[in-house]
Amino acid sequence: MKNIEKIIAGAKMVLEDNWRFNHTLPSPKVYPFQWNWDTAFIAIGYANFNIERACGEYRSLFKGQWKNGFLPHIVFWDEAKSTEYFPGSSFYDFSRSPNVPKTISTSALTQPPIHAFALEYMYSVSSQDQRIAQLIKELFIPIFNYHSYLYKNRDPKHEGLIYINHPWESGTDNSPVWDDILTSMKPLVPDYDIPALRKDTRHVNFAQRPGNYEYQCYLFLINLFRKQNYDDAAIFENTPFAIQDPLFNALLIRSNESLIKLSGLLGFDDKKDEIRSWNERSIRQLNTKLYDHEAGVYNYFNLKSGKSINKLTSSCLIPLITGAPEKNQIESMIGLLTGSEFSGEARDLFLCPSYDSTAPDFDNKRYWRGPVWINMNWLLIQGLKRHGHIELADRIIRDSIDLILENGFFEYFDPKKEQVSGEKHGYGSDRFSWTASLLIDLYYNHLKS
Ligand code: DGY
């Protein structure tokens with residue numbers, strides 16, 4: 001593949017430019033702090049060429065962990081940047097909770113629990129580097145405490161399935177999955193002056209970001225949680241938004257599996273039984289409650305309405321990273337990936353769009369409503385390889401690399417292969433950290449070998 005060495009050098013440069021004293025910014029203008037699941041995808045890239053950074057990145061994220069095990073989605077390292085991002089630390093006012101860390105401010109939402117899986121992966125691609133082993137020793141209990149927090153506080157019916165309380169907790173902020181719930185919240189949502197408050201649209205075309213009404217809802221929910229002093233039981237009682245999400249739960253299951261594997265290796269055997277019993281329940285419920293036999297794919301469950309949400313997103317395929325799906329379930333998901341939904345009528349789409357391309361509300365430019373995201377591709381590649389679907393994994397690797405080579409290190413990409421010449425098909429932030437870091441990982445671990 002021509003130019004690839006040059007592009008890898010460019011990817012390392014992006015990470016270098018986005019590095020600030022103890023963490024890497026997802027992108028300096030739009031996301032000027034440390035983000036939770038970005039940290040994992042960024043550290044995975046670093047584990048291939050700069051282990052000190054990979055470890056530093058992770059140690060910094062966990063400095064933001066709350067006393068009850070909660071792991072926030074943003075750590076606000078540089079308060080001076082607070083005027084450049086909205087909603088910043090003052091909007092969250094997280095100190096209303098008795099659980100917050102003393103020395104650093106954070107958000108009060110979380111993100112998908114990828115960390116044990118990421119650390120196990122980093123340990124393996126670094127050929128079991130002792131510095132990563134040491135990092136895992138330090139973070140094993142904090143991650144165990146985070147999972148324990150989730151099972152205690154986000155699983156009110158003790159089903160083994162965790163609910164998210166905000167679209168931002170899914171990692172797929174403006175997915176069409178949330179539309180109906182957000183619309184039904186209308187009478188509750190106050191009229192914030194969103195265009196004046198938002199900072200993201202100063203840097204990214206509005207047509208590529210969530211809409212203003214969605215932002216009203218995002219703020220309304222944070223405000224509601226703030227009023228409950230971030231007490232989970234009170235939030236559950238009062239929130240209109242409580243969703244069991246297939247991506248969040250699949251990553252939790254995959255991370256539990258990693259904790260079980262790592263526990264023996266690192267001398268945390270006493271936790272194994274508890275993690276196993278969490279995971280058995282979670283896998284059973286993922287495969288029953290969240291599995292839609294008719295559609296042949298995992299879906300979402302709205303705990304407030306007591307109903308499933310049957311919109312087809314790439315999150316619905318992420319359970320492939322676990323051992324949960326049976327052969328027929330895997331085949332049916334492969335059918336969707338290679339069918340018109342994700343590959344296009346005439347195979348005219350790059351894999352993998354974030355939303356069903358045949359749906360009327362598919363939007364090839366707007367954030368999580370259609371564009372391809374490299375982190376989702378990376379997860380799908382791991383899942384497909386796990387289940388022996390190497391050819392399809394290779395196709396996703398090639399598509400990911402082509403998109404980056406043609407467009408640059410964008411945050412997300414247009415899935416449409418046929419493009420108007422001269423138009424850029426990378427959207428959102430340019431020089432986006434996880435696009436760069438995951439390209440580095442794809443190069444070292446999936447192309448070179
Ligand atoms: C943003 O700011 O757009 C994030 O996705 C939410 O933290």
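The figures here come from the full heavy-atom set of this structure, side chains too, leaving out hydrogens, waters and symmetry mates. Whatever order the structure lists them in is the order used to number ligands and atoms, beginning at 1.
- A donor-acceptor contact closer than 3.5 angstrom is absent between the side chains of Asn165 and Thr239.
- Residue His73 has at least one heavy-atom neighbour below 4.0 Å for each of these atoms of ligand 1: 6 (C), 7 (O).
- For the residue pair Tyr192 and Asn223, a side-chain donor N or O sits within less than 3.5 Å of a side-chain acceptor on the partner.
- With Thr106 contributing its side chain and Val75 its backbone, the two residues share no donor-acceptor pair below 3.5 Å.
- Screening Gln208, Glu411, His203, Lys29 against Ser429 for a side-chain hydrogen bond (donor to acceptor under 3.5 Å, both in side chains) leaves a single residue, Glu411.
- Ligand 1 has no atom lying under 4.0 Å from any heavy atom of Phe33.
- When only interatomic distances are considered, the shortest N/O to N/O separation between Trp168 and ligand 1 does not fall below 3.5 Å.
- At the top of the distance list for atom 2 (O) of ligand 1, counting protein heavy atoms only, stands Tyr85 OH, 2.5 Å.
- The protein heavy-atom contact nearest to atom 3 (O) of ligand 1 is Arg209 NH2, 2.9 Å.
- Atoms OG1 and CZ, from Thr110 and Phe70 in turn, are 5.0 Å apart once rounded to the nearest 0.5 Å.
- A donor-acceptor pair shorter than 3.5 Å cannot be found between the side chains of Arg59 and Asn22.
- Counting heavy atoms under 4.0 Å from ligand 1, residue Tyr218 does not touch it at all.
- Residue contact check for ligand 1: Asp173 places a non-hydrogen atom closer than 4.0 Å to it.
- Heavy atoms of His166 found under 4.0 angstrom from ligand 1: none, in either backbone or side chain.
- No option in Asp180, Asn299, Asp361 other than Asp361 meets the side-chain hydrogen bond (donor to acceptor under 3.5 Å, both in side chains) test with Lys311.
- Distances between N or O atoms of Tyr31 and those of ligand 1 include no value under 3.5 Å.
- Short contacts between ligand 1 and Tyr367, defined as distances under 4.0 Å to a heavy atom of the residue, involve ligand atoms 3 (O), 5 (O).
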